[in-house]
Protein chains: 2
Amino acid sequence: MRLVIAQCTVDYAGRLTAHLPLAERLLILKQDGSVLVHSDGGSYKPLNWMSPPCRMEESEPTPTQADAGIERIWTVRHTKTDDTLEVSIYRILHDSEHDLGVDPGLEKDGVEAHLQKLLAEHIEVLGPGYSLVRREYMTAIGPVDILARDAQNASVAVEIKRRGEIDGVEQLTRYLELMNRDPLLAPVRGVFAAQEIKPQARTLAEDRGIECLVVDYDALRGMDDPSTRLF
Amino acid sequence: MRLVIAQCTVDYAGRLTAHLPLAERLLILKQDGSVLVHSDGGSYKPLNWMSPPCRMEESEPTPTQADAGIERIWTVRHTKTDDTLEVSIYRILHDSEHDLGVDPGLEKDGVEAHLQKLLAEHIEVLGPGYSLVRREYMTAIGPVDILARDAQNASVAVEIKRRGEIDGVEQLTRYLELMNRDPLLAPVRGVFAAQEIKPQARTLAEDRGIECLVVDYDALRGMDDPSTRLF
DNA sequence: GCTTACATCTCGAAT
DNA sequence: ATTCGAGGTGTAAGC
């Protein structure tokens, strides 16, 4: 990894064209050829970048460019598409090389899959007398997160999101429409479950007769079998 | 901006929990308090990070941590949520500070807004005899990208995407449903326009009687008034 | 300030 | 390889 702090302009041409005016920025050149252009603010997204697979070529400026104060040109070309990133360097303020080795990678926990598993294990939070039919119930247009039956033995399709937004309601609506054509299942009610449900999504869901359920991840986790807990 | 190359482990706790095992990584500390943890590969997304607004505190390790080889601890806390990023530093290989100043920001061209403008200016690509009613035609649930009339003076609602996917078809469907209740507009046909239309989106659109139109950004740009062109 | 929709989205899993 | 859904999405525009 090479770290360069430089006064530069940047031009990108590919899926769109973009330009960065002259300023001091951090340029990161990774082992795989990728380049990141960062400013001293914003979030984790670089101002501009080139994703691998790509290759960087360093070249001397033309006389015209040199007259404009450009010291050198970096041309980064994507290997498969013809995306190009051109960095015109006016002044280098820092330049260092570091050998980091391969990273062992990130270990995650707590995303939608876990929420689905927890809700399936504690299907009673949907209401008294509910029973689980199965998780990832397959339909022609994709798997429904959870299929259950209520106390009256009627089918209930549950769509689970971390954040409940409008597209989740649309998804559940498509499933319900399809499942309600199946005489073995119909009538199927819908439950839209999420840790947080946006007002627009709630309105759309209730307008379509879909029940909204806000689930508490920590509370569900607390209902785990005591034998699996630490204390 | 502070750049640190260090042997470290990282733990994040917030909307999910995540852990990075011991390895050498680049740590970027920006002026606004945000922290980025990068490996020497992958794309522009850091392995782990903390977005602003947040604050970093450097502290000494506990005796137990010191025995494990930890030199110091960085605790980064989000100001609004209780998200926490903890970096345990075992060895610092590089540490430098740089004053970059505020970045003037990125100038873009070629995104959806531009595509919409171009299509509105060349509404004839929809078919002979088409005329533009207006861009961003407002409805109760949001603006339709383009409202036009065909050769028979019937209303046509156009939804434009750079990449046409299923949620774009859903969006247009909601607009059409609403607009077709308006006797001044009905009947309204739908056109789903994009530089690229995914097969699933095309299937869904055509199933709902929505016409799919693949638009060529460069060709539209080439149809510009000759006076604005270079040659 | 909050909500909505776009993004050079990125990333991973399933097909 | 392609497609599809999720994201600690980020980000800018609209209200």
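Reminder, nothing fancy here: chain letters follow the sequence lines and each chain counts from 1.
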How is A:Met50 classified with respect to the nucleic acid when contacts are heavy atoms under 4.0 Å: base, sugar-phosphate, or nothing? nothing

Might you point out which heavy atoms bring B:Ala201 and B:Ile197 nearest each other, and give the distance in Å? CB-CG2, 4.4 Å

Are the charged groups of A:Glu170 and A:Arg208 less than 4.0 angstrom apart, N to O? yes

If you take all heavy atoms of A:Arg25 and A:Val37, which pair is closest and at what distance? CD-CG1, 3.6 Å

I'd like to know if the side chain of B:Asn180 and the backbone of B:Val188 have a donor-acceptor N/O pair within less than 3.5 Å. yes

Give every pair of a protein N or O atom and an N or O atom of nucleotides 1-5 of chain C that lie under 3.5 Å apart, one pair per line with the distance.
| unit_1 | atom_1 | unit_2 | atom_2 | d |
| --- | --- | --- | --- | --- |
| C:dT4 | OP1 | A:Gln200 | OE1 | 2.9 |
| C:dT4 | OP1 | A:Gln200 | NE2 | 2.9 |

Short heteroatom pairs, N/O only, protein and nucleotides 10-12 of chain D, under 3.5 Å:
| unit_1 | atom_1 | unit_2 | atom_2 | d |
| --- | --- | --- | --- | --- |
| D:dG10 | OP1 | B:Ser51 | OG | 3.2 |
| D:dG10 | O3' | A:Ser43 | OG | 2.5 |
| D:dT11 | OP1 | A:Ser43 | OG | 2.9 |
| D:dT11 | OP2 | A:Ser43 | OG | 2.9 |

Taking the six-membered ring for Trp, are B:His38 and A:His38 parallel (under 30°), tilted (30 to 60°) or perpendicular (over 60°)? perpendicular

The answer to which of A:Leu85 and A:Met138 contacts DNA chain C further toward the 5' end, by nearest nucleotide, is A:Leu85

The side-chain hydrogen bond (donor to acceptor under 3.5 Å, both in side chains) partner of B:Tyr12 among B:Thr84, B:Thr17, B:Asp83 is B:Asp83

A:Leu106 CG to D:dA6 C1', in whole Å, measures 15 Å

Please report the distance, rounded to the nearest Å, between CD in A:Glu170 and P in D:dA6. 14 Å

State, to 0.1 Å, how close A:Thr9 and A:Pro21 come at their nearest heavy-atom pair, and which atoms those are. CG2-C, 3.9 Å

Could you tell me the separation between the CD1 atom of B:Ile197 and the P atom of D:dC4, rounded to a whole number of Å? 13 Å

Length of the CG-C1' vector between A:Asp83 and C:dA7, whole Å: 14 Å

Could you state the CD-P distance from B:Glu165 to D:dG5, rounded to the nearest angstrom? 9 Å

What is the distance, rounded to the nearest whole Å, between atom NZ of A:Lys108 and atom C1' of C:dC11? 8 Å

What closest approach, in Å, do A:Val144 and A:Tyr175 show between heavy atoms, and which atom pair accounts for it? CG2-CG, 3.7 Å

In whole Å, I'd like the distance from the OH atom of B:Tyr12 to the P atom of D:dG7. 12 Å

Between the side chains of B:Glu136 and B:Arg134, is the shortest nitrogen-to-carboxylate-oxygen separation below 4.0 Å, so that they form an ion pair? no

Could you state the atom-to-atom distance from CG of A:Asp32 to P of C:dT10 in whole Å? 14 Å

